[in-house]
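Report on one structure; see the data block that follows.
Below, each value reflects all heavy atoms present in this structure, side chains not excepted, and no hydrogens, waters or symmetry copies.
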Amino acid sequence: MSDNASPAPTDYRSTLNLPDTPFPMRGDLPKREPGWVKEWEDQGIYKKLRDARCGKPKFILHDGPPYANGQLHIGHAVNKILKDMITKARQLEGFDALYVPGWDCHGLPIENAIEKLHGRNLPRDEMQAKSRAFATEQIAQQMQDFKRLGVLGEWDNPYKTMNYANEAGELRALKRVMERGYVYRGLKPVYWCFDCGSSLAEFEIEYQDKKSQTLDVAFKAHEPAKLAAAFGLQGLEGPSGSLTKDAFAVIWTTTAWTIPANQALNLNPDLPYALVDTERGLLIVAETLVESCLQRWNLQGQVLAVAQGEKLAGIEFEHPLHDVDAGYRRLSPVYLAEYATATDGTGLVHSSPAYGVEDFNSCVAHGMKYDDILNPVLGNGRYDESLALFGGLNIWKACPIIIEALQAAGRLLGTTTITHSYPHCWRHKTPVIYRAAAQWFVRMDEGEGVFTTDKAPGTLRQTALAAIEQTHFYPENGKSRLRDMIAGRPDWCISRQRSWGVPLPFFLHKDSGELHPRTMEIIDQAASIVEQGGIEAWSRMTAEEILGAEDAVHYTKSTDILEVWFDSGSTFWHVMRGTHGTMHHDEGPEADLYLEGHDQHRGWFHSSLLLASAIYGRAPYRGLLTHGFTVDGQGKKMSKSLGNTVSPQEVSGKLGAEIIRLWCAATDYSGDLAIDDKILARVVDAYRRIRNTLRFLLANVSDFDPAKDAVPFVQMLEIDRYALVRAAQFQENILSHYRVYEFHPVVAKLQLYCSEDLGGFYLDVLKDRLYTTAPKSLARRSAQTALHQITHAMLRWMAPFLSFTAEEAWKIFGNSESIFLETFSALGQSDDGLLAKWSRIREIRDAVNKDIEALRATGQVGSSLQARVTLTAAPEDHALLASLGDDLKFVFITSTIELIAGSALQVSARASSDAKCERCWHYRDDVGHDAAHPTLCGRCTSNLFGSGENRKVA
């Protein structure tokens with residue numbers, strides 16, 4: 001160096017290009033996230049996203065509306081975050097990805113809440129007004145919590161099923177289903193909840209264990225001669241021929257409360273039945289069950305004769321309380337039905353047609369008229385006061401009293417307690433019963449509907465099953481689940497006896513029960529009234545105002561409402577093509593995706609499929625995605641009583657909503673999603689690692705202006721080109737996951753990419769070049785060009801789930817208002833040769849690092865830079881490594897490396913005896929070559945005061 005060289009700086013650290021960024025190491029998420037939420041709202045980001053994608057292909061995720069009652073729980077958070085991640089990923093892919101949040105607003109839970117607050121038996125108008133106000137308050141609170149989770153959507157114009165236009169649209173959907181021939185009125189046993197005071201749909205039933213008393217009940221033969229003839233006997237005599245005995249048909253049941261309403265006995269026509277002589281009389285049971293029945297009743301017996309069930313048809317037996325009270329002095333004929341089997345019980349089934357679908361169908365098929373069906377159980381769960389012996393009693397409390405009465409009458413052969421699976425109300429978790437009631441139904445199979453004008457070509461079951469075949473399921477097993485439910489479900493009861501819901505605007509003739517002949521006109525009229533003033537306006541209308549005084553005296557205005565699943569199930573009609581018409585694809589009515597918990601196979605997915613199949617002849621969705629339920633770390637269901645619930649509000653306030661989002665994204669939602677404090681702590685660690693990587697990237701491009709400083713791809717150093725090609729490969733991999741709505745592989749692979757591709761390799765290699773070369777040198781600018789593009793890409797990769805963090809970084813790094821206005825980056829072209837070459841170099845580097853680590857473990861070296869490495873390589877590897885030239889040492893982060901040709905890979909490492917450069921920390925034999933800078937090596941003096949070192953590869 002010349003004598004007039006610049007004086008040596010006293011602080012060589014100040015000559016390094018040390019990273020710098022305002023992006024803080026600590027996210028401080030709980031304090032800073034609300035600011036981002038407010039900024040998105042103030043700036044109208046969702047509207048700007050729509051403007052940015054105007055004219056682009058649409059992606060429509062239709063929101064399954066959460067119920068407008070109660071504080072959000074962690075399950076709600078999972079659901080909304082999944083939807084948000086999907087729409088954001090589609091937005092970044094270039095789609096016009098709309099997301100209109102919605103709420104389910106009508107129905108029983110809100111009525112229950114109003115009754116708790118204001119008492120029962122409120123007038124209809126008051127119940128409706130208070131329910132609307134209550135739902136409005138609940139929605140406002142839930143909306144704030146959803147926004148706090150970072151969910152972007154049309155929050156200033158969500159859909160609500162209680163909006164007047166949607167209530168009216170639902171009526172028009174009903175009219176269309178009627179026109180297609182699917183709606184009829186019928187008496188039929190339907191699920192009935194005493195707590196609801198209303199019928200329930202299949203969707204609203206869940207099965208839980210219930211304790212019940214089993215009963216073996218004897219029905220005395222009223223026609224012994226006919227019975228003897230059926231069994232081929234002269235008479236019903238004992239073995240001695242002298243003693244005539246009473247004969248009994250014995251049934252087995254778990255529902256003692258149905259015995260008072262018994263009207264028939266069912267036997268299988270193809271089963272052989274035995275007449276068994278016992279000390280309790282001659283007993284009729286299925287032949288294959290004789291032994292087990294006698295054992296259960298602790299009796300000895302002898303089979304006198306056997307007859308096929310069909311031989312016993314029409315024979316009458318007496319009600320078991322026939323001789324106790326005149327109210328039961330009736331007969332039960334034998335009907336033949338295949339649902340009577342010999343799998344358990346006695347092989348005989350007692351029929352109370354009001355309280356069982358199969359019993360009802362059997363009795364009606366055998367000629368029983370609707371008016372003759374006994375139905376003493378009231379909607380509140382009590383027997384009608386007029387019922388003999390048990391009038392006014394709650395049916396569950398009446399069971400032991402009924403059993404006592406049967407015992408006293410000598411008609412009880414046995415009883416025991418069992419635990420069995422039994423239908424319960426989804427909302428109240430209480431047992432339900434089947435109860436016959438005149439209701440409105442949507443027909444699944446062949447039959448006539450009311451006011452059919454445009455009959456559909458196939459049955460609803462056929463159409464819905466065909467639609468399932470055209471639907472994509474995520475995960476795939478959802479297909480068979482939904483298909484099995486549709487294949488086996490009964491007709492859909494769509495009427496409810498409540499106040500807070502969309503009315504069935506029907507007028508029934510007081511004598512015939514027939515609908516008014518102008519019913520379809522009246523539905524249109526009702527829709528117009530509701531559109532102007534809501535369901536309350538229809539409630540206030542009198543029959544005289546709608547029908548005229550002359551007609552009104554002959555008709556009764558229905559007070560039934562449409563059940564709540566009709567509300568949400570029809571939103572594809574009155575929201576997607578109505579109140580929020582932008583959600584409608586030009587080529588069809590379907591949403592791209594419906595996404596809910598897997599329980600919605602029997603809920604929203606189910607009702608939506610039936611209504612769309614009825615109206616359009618196809619499903620309302622192209623894809624169905626289901627997620628599991630949230631559980632604690634041990635896999636237990638969350639409950640307040642166990643104290644294992646996790647509040648999204650508390651987690652947001654303590655750790656940040658970003659942590660909930662990352663947990664949700666990192667968890668395989670196809671099964672149950674486990675969460676507790678320990679799991680969240682691991683998520684926090686994962687977040688910090690991603691944030692630290694992002695901070696490093698941002699800090700090292702803080703002085704980089706791509707417009708002026710970017711290096712063309714072909715001029716970049718080879719390792720930088722490799723980094724971009726590898727990033728492009730990685731991006732294609734994670735985008736393939738995004739396209740099929742898989743997030744946990746994205747998170748797992750991003751963490752691996754940050755730790756291994758970046759932190760463990762590329763960034764590790766890059767530090768020396770970034771920090772020590774001249775600020776504007778090709779070597780540094782090449783590295784920054786790669787980092788700048790990788791940062792662009794990484795912010796987009798993480799934006800769907802780490803939305804707050806990506807937006808925070810974008811404000812520092814980006815040049816548009818929001819990261820979500822961007823699209824996924826176009827990275828460097830593919831180059832399989834480059835990928836293969838550097839993949840092998842990294843493998844060799846790992847082998848070298850093992851030897852260096854061994855030296856470090858024994859204290860011989862402090863860092864890898866202190867090691868001198870001799871590397872022997874086979875010809876192919878040797879050529880690969882030799883192509884790196886002098887830059888090989890930078891790739892292996894050693895000060896000296898000697899490459900030798902050999903037959904196999906061998907590594908030899910030892911501590912260097914050279915001096916350490918104060919500035920770059922390399923151990924070199926030219927440290928002190930310049931007297932003016934005695935602590936610097938030759939490349940540092942060249943980078944600081946000369947032409948700079950020549951870096952070609954790394």
Side-chain angles (χ1 to χ4, degrees), residues 1-23 25 692 695-706 708-711 715-717 719-720 723 758-759 762-788 791 812-813 861-867 886-897 912 914-954:
M1 199 154 191
S2 62
D3 293 338
N4 59 357
S6 303
T10 55
D11 177 17
Y12 290 116
R13 180 180 170 80
S14 66
T15 69
L16 296 171
N17 311 307
L18 294 178
D20 180 43
T21 178
F23 186 74
M25 184 178 293
N692 286 342
R695 187 169 185 271
F696 181 93
L697 293 171
L698 292 170
N700 280 287
V701 293
S702 58
D703 66 335
F704 180 78
D705 179 353
K708 296 186 297 185
D709 303 328
V711 176
Q715 295 176 25
M716 293 172 71
L717 273 64
I719 196 172
D720 300 330
L758 296 181
Y762 182 57
L763 302 184
D764 202 22
V765 172
L766 222 55
K767 287 174 185 174
D768 180 85
R769 179 154 46 110
L770 285 170
Y771 299 167
T772 68
T773 60
K776 298 181 181 180
S777 64
L778 173 67
R780 185 163 179 271
R781 291 308 193 199
S782 173
Q784 288 183 306
T785 301
L787 292 184
H788 191 269
T791 307
I812 297 166
F813 178 76
V861 298
S863 76
S864 62
L865 287 173
Q866 197 176 350
D886 289 342
D887 288 357
L888 178 62
K889 60 180 178 292
F890 296 119
V891 174
F892 286 78
I893 314 182
T894 60
S895 296
T896 309
I897 187 163
S912 174
D914 294 329
K916 179 183 178 181
C917 175
E918 182 184 350
R919 182 171 178 271
C920 70
W921 297 4
H922 280 244
Y923 289 77
R924 292 170 57 99
D925 58 11
D926 62 351
V927 172
H929 75 102
D930 188 337
H933 305 283
T935 60
L936 296 190
C937 67
R939 69 187 194 95
C940 279
T941 55
S942 176
N943 285 330
L944 283 174
F945 313 116
S947 58
E949 65 179 317
N950 186 16
R951 304 282 280 260
K952 294 181 179 178
V953 178

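In this structure the side chain of F813 reaches within 4.5 angstrom of the side chain of V701, judged on heavy atoms. Looking only at side-chain heavy atoms (C-beta outward), W921 and Q866 stay at 4.5 Å or farther from each other. Side chains of V711 and L778 form a contact here, defined as non-hydrogen atoms less than 4.5 Å apart. Using a 4.5 Å cut-off on side-chain heavy atoms (C-beta onward), D914 and V927 make no contact. Residues C920 and C937 have side chains in contact (heavy-atom distance under 4.5 Å, counting atoms from C-beta outward).
For K889, the side-chain contact (heavy atoms from CB on, under 4.5 Å) partners two or more places apart in sequence, or in a different chain, are D886, T894, I897, R924. Not counting sequence neighbours, the partners of E949 by the side chain to side chain donor-acceptor pair (under 3.5 Å) test are R939, N943, R951. Take D887 and apply the side chain to side chain donor-acceptor pair (under 3.5 Å) test, not counting sequence neighbours, and it matches no residue. Scanning for side chain to side chain donor-acceptor pair (under 3.5 Å) contacts around S782 gives D720, with sequence neighbours left out. Every residue two or more places apart in sequence or in another chain that forms a side-chain contact (heavy atoms from CB on, under 4.5 Å) with N692 is listed here: M25. For the side chain to side chain donor-acceptor pair (under 3.5 Å) test, no residue two or more places apart in sequence or in another chain qualifies with S863. Contacts of A723 classified as side-chain contact (heavy atoms from CB on, under 4.5 Å), with partners at least two apart in sequence or in another chain: Y762, I790. In this structure, the ring pair (Phe, Tyr, Trp, His ring centres under 6.0 Å) partners of F704, at least two apart in sequence or on a different chain, are H788. For the side-chain contact (heavy atoms from CB on, under 4.5 Å) test, residues two or more places apart in sequence or in another chain that qualify with D764 are K767, R845, I893.
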(Q) Evaluate T772 against T15 for side-chain contact (heavy atoms from CB on, under 4.5 Å), listing each step before the verdict. (A) CA-CA 8 Å; T772 68; T15 69; over 6 Å; no
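Judged by distance alone, with hydrogens and angles left aside, the side-chain atoms of T773 form a donor-acceptor pair with the main-chain N or O of R769 at under 3.5 Å. Of the possible polar contacts, none joining the D20 side chain to the A699 backbone as a donor-acceptor pair under 3.5 Å is found.
Taking all atoms of both residues into account, the shortest heavy-atom contact from D11 to S14 is O-OG, 2.7 Å. Nearest heavy atom pair, residue A954 against residue I719, reads CA-CG2, 3.7 Å.
Rounding to the nearest 0.5 Å places CZ of F23 at 8.5 Å from CZ of R695. If you take CG on D930 and OG1 on T941, they are separated by 6.0 Å, rounding to the nearest 0.5 Å. The distance from the CG atom of L865 to the SG atom of C917 is 10.5 Å, given to the nearest 0.5 Å. Between L697 atom CG and T21 atom OG1 the span is 10.5 Å, to the nearest 0.5 Å. The structure places CG of N700 at 5.0 Å from CG of L770, a figure rounded to the nearest 0.5 Å. Within the model, atoms OG of S702 and CG of N17 stand 9.5 Å from one another, a figure rounded to the nearest 0.5 Å.
A donor-acceptor pair shorter than 3.5 Å cannot be found between the side chains of T896 and H922.
Every pair tested for ring-ring contact (aromatic ring centres under 6.0 Å, His included) that includes a residue from residues 763-784 fails, sequence neighbours excluded, so the list is empty. The list of salt bridge (Lys or Arg N to Asp or Glu O under 4.0 Å) pairs with a residue in residues 777-788, not counting sequence neighbours, reads D703-R780, D703-R781, D709-R781.
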